[in-house]
Amino acid sequence: MGASDDDREGGAVAPTGIRRRTLFGAAGAGALAVGAGAGYLARGSADAAEHPVADPDAVPVDFAGEHQAGVTTPAQDRLHFAAFDVITDSRDDLVSLLQDWTDAARDMTAGNEVGKFGAVAGPPVVPPEDTGEALGLPASQLTLTIGFGRTLFAKDGKDRFGLADRRPEQLVDLPHFSGDRLEPAICGGDIAIQACANDPQVAVHAIRNLARIAFGRASVRYSQLGFGRTSSTSEAQVTPRNLFGFKDGTANIKLEDTDTVEDFVWARSGDGPTWMDGGTYLVTRKIAMRIETWDRESLEGQQGIIGRAKGSGGPMSGGDEFEPLDFAANSRDGEPMIGEQSHVRLAHPDFNGGAKLLRRGYNFVDGSDQLGRLAAGLFFICYQRDPREQFVRIQNNLAGLTADLMNEYIVHIGSGIFACPPGVGSTGYWGESLFT
Ligand SMILES: C=CC1=C(C)c2cc3[nH]c(cc4nc(cc5[nH]c(cc1n2)c(C)c5CCC(=O)O)C(CCC(=O)O)=C4C)c(C)c3C=C
Ligand SMILES: [Fe+2]
């Protein structure tokens with residue numbers, strides 16, 4: 001195993017790769033995890049000042065586990081999402097790609113360089129195994145989460161890899177929703193990989209290296225950068241804001257609510273094919289937001305559209321952020337305080353047969369268009385046990401100009417649905433249960 005100068009300085013070489021950056025020397029990670037992740041309540045608190053901790057981003061998120069990381073993991077600040085097209089016809093090549101990707105994912109999520117020699121310790125006559133831009137950076141809570149699209153199982157009626165009869169019925173072709181203006185180039189994909197990290201360079205490095213490893217076997221169909229996580233997935237996180245300026249994620253499923261996570265997020269035995277037991281279904285929607293039009297809407301109008309107060313995030317029926325929504329409350333003029341066409345009413349489980357989602361989206365700004373308008377929006381990401389009963393049901397309730405008032409300000413332009421297999425142990429590879 002090679003070791004770079006940095007490793008010799010840090011004095012730590014991990015067994016499966018070259019460590020990019022260590023904690024304070026070889027300090028134990030357990031005590032350092034306090035306040036890990038951007039936006040945690042502990043950050044900047046008196047407690048944190050009295051008990052300084054090493055950079056919490058140096059404590060990696062476990063890659064191995066019953067479920068994949070990156071679903072209930074406290075949402076990191078940054079996203080690089082990529083959808084791949086598989087360009088080989090060989091099942092063996094597909095399996096070897098998943099094996100190579102898993103090895104690299106193990107390395108990178110642990111904060112190590114990719115491969116045996118990494119970026120600079122290999123033979124000088126061949127391209128380095130790792131592209132190098134994350135050298136010196138900690139793991140930054142990087143998680144890598146994989147999902148398989150419908151076209152991996154069968155495409156144009158062709159059973160490409162002998163997987164056609166293993167496609168779960170939950171992995172539906174999403175219906176057309178009223179108002180959709182989907183652009184095919186940013187829809188679908190055979191395989192999706194969600195990279196989340198607190199440092200954008202770490203997330204980009206991960207996707208770049210996975211794309212490089214895939215050369216000749218899979219190519220990037222599209223990718224999306226995101227920032228400012230628009231959901232909290234843990235009670236320990238403060239609720240972030242989306243580009244409409246509203247707190248987003250208040251009523252999200254939180255990892256501490258284990259019963260809800262079990263009931264609404266993870267596929268279980270009997271739900272579908274056994275290879276998906278412990279997995280989950282991912283739906284993505286790239287939603288453009290008409291920022292300039294929104295910015296001309298009055299505060300009262302904006303709050304009426306969302307159904308929550310812009311400052312506190314509390315319901316329009318009253319109370320602070322986490323006060324339950326009271327849909328029966330009427331104002332003095334007899335109108336519901338949380339409007340009939342408000343977003344939170346139409347998205348709420350009470351109006352969707354009890355359905356809930358684990359939301360994990362990110363803001364995006366792809367620069368400005370030719371008229372100087374922000375090309376911005378929400379890259380909506382959600383995880384669930386059955387998209388038919390969850391995303392599709394809720395989106396059908398929201399879609400259309402006569403439904404959610406927010407539809408005047410948004411348009412769905414990208415879409416994807418993926419079956420995310422269960423987690424991997426310390427050996428094995430992503431999606432192994434699908435091929436055995
Ligand atoms: C189909 C699912 C959903 C889409 C698409 C969606 C788009 C979308 N949402 C916001 C902003 C907010 N959403 C909020 C709550 C909320 N949204 C959904 C679902 C979708 N949103 C759900 C299930 C909920 C929770 C409803 C509840 O149980 O109360 C909120 C309020 C804060 C919160 O609870 O998170 C905001 C704000 C935007 C801007 C957007 C598309 C661009
Ligand atoms: Fe929403």
Side-chain angles (χ1 to χ4, degrees), residues 75 174-175 177-180 182 226 228-233 237-254 257 260 264-265 281-291 293-294 297 302-317 319-327 338 342-365 374 376-384 387-400 403-417:
L174 289 176
F177 298 102
S178 178
D180 276 3
L182 301 182
R229 60 182 174 85
T230 53
S231 270
S232 31
T233 52
Q237 295 183 294
V238 291
T239 312
R241 289 182 187 269
N242 59 37
L243 293 177
F244 283 159
F246 278 75
K247 290 191 180 182
D248 203 337
T250 302
N252 200 17
I253 295 178
K254 305 283 161 67
D257 190 352
T260 305
F264 290 96
V265 180
Y281 295 89
L282 160 66
V283 172
T284 63
R285 303 287 283 184
K286 183 168 181 174
I287 306 174
M289 288 160 58
R290 298 184 174 122
I291 301 286
T293 315
W294 178 261
E297 180 60 72
Q302 292 180 359
Q303 295 184 148
I305 291 163
I306 300 292
R308 286 184 176 273
K310 195 167 187 177
S312 66
M316 291 310 287
S317 48
D320 67 11
E321 184 186 353
F322 295 102
E323 188 76 19
L325 299 157
D326 181 355
F327 296 113
I338 301 174
S342 66
H343 182 71
V344 293
R345 179 187 283 261
L346 292 171
H348 194 272
D350 284 4
F351 299 91
N352 291 282
K356 296 182 182 183
L357 293 168
L358 188 146
R359 290 171 285 143
R360 217 180 187 287
Y362 286 83
N363 299 319
F364 71 84
V365 176
L374 273 187
L378 174 66
F379 194 76
F380 182 85
I381 293 176
C382 64
Y383 289 95
Q384 59 235 277
R388 298 168 298 183
E389 299 299 324
Q390 295 171 261
F391 174 79
V392 173
R393 179 160 195 161
I394 298 170
Q395 182 55 23
N396 266 325
N397 212 32
L398 294 175
D404 185 355
L405 290 171
M406 199 166 55
N407 291 332
E408 204 179 320
Y409 304 88
I410 63 173
V411 54
H412 289 230
I413 57 175
S415 181
I417 180 166

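Values in this document were obtained by computation on a predicted structure and should not be read as measured data. Both ligands and their constituent atoms are indexed starting at 1 by order of listing.
Judged by a 6.0 Å distance limit and a 45° cone about the ring axis, Lys286 is not positioned over the six-membered ring of Phe380.
Side chain to side chain, Lys310 and Gln302 meet the donor-acceptor criterion of an N or O pair below 3.5 Å. For the 3.5 Å distance criterion, the side chains of Ser312 and Glu321 fail to qualify, holding no donor opposite an acceptor. Side-chain N/O atoms of Arg285 and Ser415 include a donor and acceptor closer than 3.5 Å. No hydrogens or angles considered: a donor-acceptor pair under 3.5 Å links the side chains of Glu297 and Tyr409.
In this structure, CG on Asn352 lies 6.5 Å from CZ on Arg393, to the nearest 0.5 angstrom.
Listed by chain and number, His343 NE2 are the protein N/O/S atoms closer than 2.8 Å to the Fe ion (ligand 2), with waters left out.
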Exercise. Please lay out, stage by stage, how Lys356 and Gln384 fare under the test side chain to side chain contact (heavy atoms under 4.5 Å, CB included).
Key: CA-CA 8 Å; Lys356 296 182 182 183; Gln384 59 235 277; over 6 Å; no

Note down each nitrogen or oxygen pair, ligand 1 side and protein side, whose separation is under 3.5 Å; give only atom names and the distance to 0.1 Å.
residue, atom, partner, partner atom, Å
ligand 1, 9 (N), His343, NE2, 3.0
ligand 1, 13 (N), His343, NE2, 3.0
ligand 1, 17 (N), His343, NE2, 3.1
ligand 1, 21 (N), His343, NE2, 3.1
ligand 1, 34 (O), Ala251, N, 2.9
ligand 1, 35 (O), Gly249, N, 2.6
ligand 1, 35 (O), Thr250, N, 3.2
ligand 1, 35 (O), Arg359, NH1, 2.9
ligand 1, 35 (O), Arg359, NH2, 3.0

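Not less than 6.0 angstrom separates the ring centroid of Phe391 from the ring centroid of Tyr383.
A pairwise comparison of heavy atoms in Ile291 and Ala376 identifies CG1-CB, 4.1 Å as the closest pair.
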